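Worksheet for the structure shown next.
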Amino acid sequence: MKLLLAEDDAKTAAFLRTGLTDQGFVVDVTSDGEEALQLALSIGYSVLILDIMLPERDGWSILAGYRSAGGQAPVLFLTARDAVADRVKGLDLGADDYLVKPFAFSELLARVRSLLRRRGGPAPERAQYADLSLDVRRHRAMRGGTALELTPKEFLLLALLMEHQGDVLSRTLIAEQVWDMAFDSDSNVVDVHIRLLRAKVDDPFERKLIHTVRGLGYVLR
Amino acid sequence: MSSADRHAGRQRGKPFSLAARLIVWFVASAFALVLIVSGSLYWALASGLAQVEDETLLDKVHVVTSLLTAPHPDAAVITQEIGEDADAPRRTYVRLLSASGATLQETPGMAAELPAQRFPRVSHQNVSLHGVNGRPFRTLTRALPPGVARASNIIEVATDVSADEHLLARYRLDLGVVLGIALIACAGAGYQIVQAGLRPVRRMGRAAEEIGASTLDKRLEVAGLPAELRTLAVTFNAMLERLQQSFSRLRQFSDDIAHELRTPLNRLLISSEVALSQAKTLAECREALAANIDAGARLSQMVQSLLFLARSEHPAAPITRERIELDRELAAIEEFYEPLASEAGVRLSVACAEGLAAELDRSLLQRAIGNLVANAIEHTPRDGAIRIAARDMGRSLAIEVADTGCGIPADHLPHVFDRFYRADRTRGSKSGNLGLGLAIVKGIAALHGGSVAIESAAGAGTAITLHLPKQGAAPAQASA
């Protein structure tokens, strides 16, 4: 999996490259917009991660050039500005997702994985991790031969964790994906939902699958 | 030179202080009055004198005429009458002329002083003229009735008015002196009156000059001001009051930002420093990093909130409206917050008419209602209830979040939508509450062109209502 990262802040770029490389990605980094477009068009990247503010050519212009040249890879924007107009502009130009700085690395990782999966076709109908199995179509969850009584949202939450098994998911991402709450809620609502889910998925069993990563969010592993 | 400078220059070029203008007007009108009075007095004197002279002339004409038309005219009496006053310094001259214009008889010396050709033709008008030696005369020329003695046809009378002229000349001189004095007196009085009149204005100006950003608590003295200025001073004081409030809010706001930033920054620095110098194990390092992320997340969230608030104050800030079905949206929010509420032992319910819809920014609406619900859960004790209700108000809709919580004391109510305002300052930060939630709700209402209202009774609960127009303003209105 080859990623292009266009980011003009050297430290941010270095951290992101280290983090993504550790996760098994091959990452090309550039700080120049013009070069980013050339690279994107000449190498078949799986995902483009573009900062909007870049020298020579801004993120929007790279995206426009890339799409008009027939580039198909999903594009994730990084922006320091969360002004609605900016977002709308990016999505209109064919961006697939955006992240507002400052963001957590786990958030970026989860979004990149989502983009890759989206391109990879429909989600699998069944998911399995350890002794936990999900039947996505029937909304049924089993653990160790016992059926779990989950509400629809609890099932969605568990499915999300399963889909991203091993990745830490932030509270914001969880609220957005499961409840469609597109805002950064500063209350601990997601924690309560996770607690309720744990009561059903983990509490009756010896091995705990849902883990809290302090400061970041939750992970199934 | 910038346009502002030019403008100021033009203002400066516009002459005359208020005082100068008042003085000029005062002096001009007072002097005009004095001028009119003295002019009419002069005119009355001059015309009075002329009338006396004219009566003398007419009298003479009548006397001579009646002597001439007597049945038996006495030549000696006529001669005496004509020569009368011949020796007095103020002389009246009489001349009788034939139809052909030849002099029949005249007062001695008259030919030298007033030759016949100087006289005007027969008329009923008195005429002023100057004699051969330059003496001023008043004259009258009359035709005599036909058939009078000695075939006299025309009578000419004249009287010397040089004494009158002297009197008037003297009077004019006196008037000139009086007018000069009056002018100076008017100017002096005007200056004094205007200065005295404007003194309160100057005093006010000086008092206002002393008021600056650091002395906004000063007020203008209203007592003792004239009525016109009192209104101005009261208005000015009201403006100062508003300025002072804005200033202190702003100061409070920046103090609060500094304070709120300092706490997580401090945590960040200390945990990093301790980890760097003392941590021995990987677990300790992880612990420090996790603490750093917590602090960083808190900072980041605060900055985002403040940016959001700053943007929401911009009237033209764009929002993306989409059609929202309120019953579904509110049900989703209820579903999201339900576990939090039931964990707090609070019943959460939604009341919304089916089919109620509006064009709103979805994520902003979620954020506003979410903030209100989270706030309500935090402040409602066990066994309480929270009700989210949406009502159709015609062109707008009202979304109310009401709780049975502890309520907010009346003196806090006007401030709860201020940034960083927490009714209980010591308790707020424990739950990670920055005191920005309600400010953001207000900002969201403003972005939609709506408003937010709060009702609360201590101990009985709080109800906060969002009033949002169902549709955005037309583009033309929005850009105006």
Side-chain angles (χ1 to χ4, degrees), chain A residues 15 79-92 98-107 150-154 156-157 168 170-172 174-200 211-217, chain B residues 286-305 307-308 311 314 316-321 328-329 332-344 361-371 373-375 377-378 431-434 436-437 440 444 447:
Chain A
F15 282 130
T79 169
R81 319 197 286 182
D82 67 336
V84 177
D86 284 8
R87 284 188 212 173
V88 173
K89 184 171 179 184
L91 296 177
D92 278 352
Y98 61 87
L99 260 183
V100 179
K101 288 180 184 176
F103 55 84
F105 176 72
S106 56
E107 185 97 28
L150 301 180
T151 66
K153 291 292 179 194
E154 283 167 351
L156 279 181
L157 175 55
V168 181
S170 72
R171 292 170 177 81
T172 310
I174 291 173
E176 186 187 310
Q177 301 273 321
V178 177
W179 286 273
D180 202 13
M181 290 291 145
F183 71 100
D184 206 357
S185 86
D186 47 351
S187 70
N188 45 350
V189 188
V190 172
D191 299 346
V192 181
H193 283 287
I194 291 282
R195 212 175 299 152
L196 292 174
L197 183 65
R198 272 179 172 157
K200 293 175 179 175
H211 302 274
T212 308
V213 181
R214 199 182 148 195
L216 296 179
Chain B
R286 281 182 174 281
E287 181 57 32
L289 287 174
N292 285 358
I293 288 176
D294 276 347
R298 193 176 158 84
L299 282 173
S300 153
Q301 194 187 72
M302 199 167 96
V303 170
Q304 305 269 20
S305 297
L307 278 176
F308 175 82
R311 240 194 345 266
H314 194 272
I319 57 173
T320 35
R321 289 179 184 264
R328 283 170 67 177
E329 202 58 47
I333 293 173
E334 181 197 17
E335 189 178 26
F336 185 56
Y337 281 97
E338 169 52 41
L340 190 66
S342 58
E343 197 169 67
D361 185 308
R362 190 147 169 279
S363 72
L364 292 184
L365 178 73
Q366 288 177 341
R367 188 170 188 180
I369 308 294
N371 277 353
V373 171
N375 219 30
I377 292 173
E378 194 180 329
S431 56
N433 171 11
L434 286 171
L436 291 174
I440 286 173
I444 289 172
L447 281 173

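Numbered from 1 within each chain, the chains take letters A, B, ... in sequence-line order. As the structure is a computational prediction, the values presented were derived from the model and not from experiment.
- Evaluated for a side chain to side chain contact (heavy atoms under 4.5 Å, CB included) with B/Pro339, the options A/Leu196, A/Asp191, A/Val190, A/Thr151 yield exactly one hit, A/Leu196.
- For B/Glu338, no part lies under 4.5 angstrom from a heavy atom of chain A.
- Not a single donor-acceptor pair under 3.5 Å links the side chain of B/Glu335 to the backbone N or O of A/Trp179.
- Pairing each heavy atom of B/Gln304 with each of A/Lys101, the nearest pair is NE2-O, 3.8 Å.
- There is no contact between B/Ile377 and chain A, counting heavy-atom distances below 4.5 Å.
- With contacts defined as side-chain heavy-atom distances shorter than 4.5 Å, the pair B/Asp294/A/Arg214 qualifies.
- With rounding to the nearest 0.5 angstrom, the CD atom of B/Gln366 is 6.0 Å from the CG atom of A/Asp180.
- With a 4.5 Å cut-off on non-hydrogen atoms, B/Ala291 touches chain A through its backbone and its side chain both.
- Neither the backbone nor the side chain of B/Arg286 comes within contact range of chain A; no heavy atom of the residue lies under 4.5 Å from a heavy atom of that chain.
- A/Arg198 CZ: more than 12 foreign heavy atoms inside a 6.0 Å radius.
- Closest approach of B/Glu343 to A/Val192, counting heavy atoms only: OE1-CG2, 3.5 Å.
- With contacts defined as side-chain heavy-atom distances shorter than 4.5 Å, the pair A/His193/B/Phe336 qualifies.
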